[in-house]
Amino acid sequence: MAEKVILIPAEGEAEKIEAEKGIISLSHYVRSVIEADPEEPIDLSNIKKSILLEVIDYCTYARKNPLKKIEKPLKSNDMVNNVSDRWYADFTTKNDKVLYELVCAADYLEIIPLAEISCAAIASKVKGKSIEEIRNIFHIEKGFTPEEEADLMKEFKWEDESFQNLSQRLNHIIILHG
């Protein structure tokens with residue numbers, strides 16, 4: 001029988017999750033906590049249970065089927081054309097809010113391939129879109145003057161950049177727009 005670890009999500013102790021150590025240890029963060037104290041439950045209070053279950057689902061599959069390198073720039077707006085394994089394409093067919101929360105969870109848990117696939121999915125949604133279309137996708141109200149918008153366009157080079165730093169850009173936008 002596989003060793004288990006207890007994960008405490010944002011909803012608290014009552015919603016704790018038992019996960020196999022070998023699976024959730026794809027997370028560098030979890031692995032370091034287990035090494036420090038293997039018997040202690042792991043507080044992940046900044047990650048909702050539903051997202052943590054998605055992370056475990058990802059880790060379960062990725063443990064035996066590692067994500068292959070995603071070519072940049074993305075080939076298509078359809079993730080099926082951007083990854084070599086259909087499971088990963090299907091995994092990314094989540095709504096924008098869940099994808100964003102997966103990016104944040106992957107960043108916190110230090111699961112780089114999960115961050116990459118989640119960012120790629122978000123990037124595929126905005127690939128080739130205008131600023132106005134991107135605002136509509138992410139429900140961002142226009143809050144910049146034309147000068148501020150021009151400065152941001154120069155800073156982020158939206159059309160030329162790959163999705164590598166997308167989570168930082170999304171965080172920046174969310175901070176600016178609440």
Side-chain angles (χ1 to χ4, degrees), residues 2-67 70 79 83 87-126 134-141 143 152 155-156 158 161-178:
E3 281 189 82
K4 303 278 185 177
V5 63
I6 303 293
L7 308 173
I8 310 296
E11 293 84 354
E13 182 83 27
E15 296 293 320
K16 66 185 175 191
I17 300 169
E18 261 193 12
E20 284 187 34
K21 281 184 184 180
I23 290 172
I24 198 64
S25 288
L26 288 179
S27 160
H28 293 286
Y29 173 76
V30 169
R31 194 168 47 245
S32 68
V33 172
I34 290 170
E35 288 170 3
D37 189 351
E39 302 304 317
E40 191 66 27
I42 299 172
D43 179 17
L44 299 173
S45 56
N46 57 340
I47 304 173
K48 294 188 308 191
K49 183 177 182 177
S50 61
I51 298 301
L52 203 47
L53 291 170
E54 294 282 355
V55 169
I56 292 168
D57 186 36
Y58 170 86
C59 290
T60 300
Y61 186 80
R63 182 178 179 201
K64 293 182 179 174
N65 308 281
L67 177 65
I70 301 171
M79 284 301 290
V83 293
W87 187 92
Y88 286 107
D90 291 343
F91 179 79
T92 63
T93 59
K94 300 175 183 338
N95 70 48
D96 299 333
K97 183 174 174 42
V98 171
L99 285 172
Y100 176 74
E101 289 183 44
L102 281 170
V103 169
C104 293
D107 181 54
Y108 181 78
L109 294 169
E110 299 174 55
I111 307 173
I112 294 167
L114 176 56
E116 287 178 354
I117 192 74
S118 300
C119 285
I122 293 169
S124 72
K125 291 182 178 204
V126 300
I134 293 170
R135 279 192 186 108
N136 289 335
I137 290 168
F138 294 111
H139 311 289
I140 299 170
E141 292 183 27
L152 283 171
E155 181 181 348
F156 293 118
W158 287 96
E161 293 289 320
S162 70
F163 63 87
Q164 193 168 20
N165 295 316
L166 183 61
S167 65
Q168 290 173 342
R169 291 193 292 261
L170 288 173
N171 279 326
H172 183 73
I173 290 168
I174 289 169
I175 288 167
L176 289 174
H177 293 285

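Below, each value reflects all heavy atoms present in this structure, side chains not excepted, and no hydrogens, waters or symmetry copies.
A distance of 5.5 Å separates CZ of R63 from CD1 of I23, quoted to the nearest 0.5 Å. E18 contributes atom CD, which lies 4.0 Å from atom CD1 of I6 (distance to the nearest 0.5 angstrom). Residue E3 holds its CD atom at 4.0 Å from NZ of K21, rounded to the nearest 0.5 Å. We find the CG-CD1 distance between L7 and I56 to be 5.5 Å, quoted to the nearest 0.5 Å. Within the model, atoms CG of D43 and NZ of K16 stand 13.5 Å from one another, a figure rounded to the nearest 0.5 Å. Once rounded to the nearest 0.5 Å, the distance linking SG of C59 with NZ of K64 reads 13.5 Å.
Between L26 and R31 there is no side-chain heavy-atom pair separated by less than 4.5 Å. N65 is not listed as a side-chain neighbour of W87, based on a closest heavy-atom distance of 4.5 Å or more.
Of all non-hydrogen atoms in A115 and A106, the two that sit nearest each other are N-CB, 3.4 Å. The nearest pair of heavy atoms linking V98 to N95 is N-OD1, 2.8 Å. Shown here for L114 and Y58, the closest heavy-atom pair between the two residues is N-OH, 3.4 Å. What you find for V83 and Y88 is that their closest heavy atoms are CG2-CB, 4.2 Å.
E101 and K48 are joined by a salt bridge, as a carboxylate oxygen and a charged side-chain nitrogen come within less than 4.0 angstrom of each other. Salt-bridge annotation for K94 and E54: present, with a side-chain N of the basic residue lying under 4.0 Å from a carboxylate O of the acidic one. Between E11 and K49 there is no salt bridge, since no side-chain N of the basic residue sits under 4.0 Å from a carboxylate O of the acidic one.
Exactly one of I24, I34, L44 qualifies for a side chain to side chain contact (heavy atoms under 4.5 Å, CB included) with Y29. That residue is L44.
Environment of CD1 in I112: sparse, with no more than 12 heavy atoms of neighbouring residues, nucleotides or ligands closer than 6.0 Å. Residue-environment remark: NZ (K97) stays at or below the threshold of 12 foreign heavy atoms within 6.0 Å.
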Side chain to side chain contact (heavy atoms under 4.5 Å, CB included), that's the test. Do V30 and I111 meet it? Break it down for me.
CA-CA 10 Å; V30 169; I111 307 173; over 6 Å; no
Please walk me through it: do D96 and I122 pass side chain to side chain contact (heavy atoms under 4.5 Å, CB included)?
CA-CA 7 Å; D96 299 333; I122 293 169; 5.9 Å; no
Applying side chain to side chain contact (heavy atoms under 4.5 Å, CB included) to K125 and L99, what does each step give before you reach the verdict?
CA-CA 11 Å; K125 291 182 178 204; L99 285 172; 3.8 Å; yes
Go through the steps to decide whether I42 and V5 satisfy the test side chain to side chain contact (heavy atoms under 4.5 Å, CB included), and finish with yes or no.
CA-CA 8 Å; I42 299 172; V5 63; 3.5 Å; yes
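Ring-centre distance between Y61 and F91: not below the 6.0 Å cut-off.
No donor-acceptor distance shorter than 3.5 angstrom exists from the side chain of T92 to the backbone of S118, with no hydrogens or angles considered.
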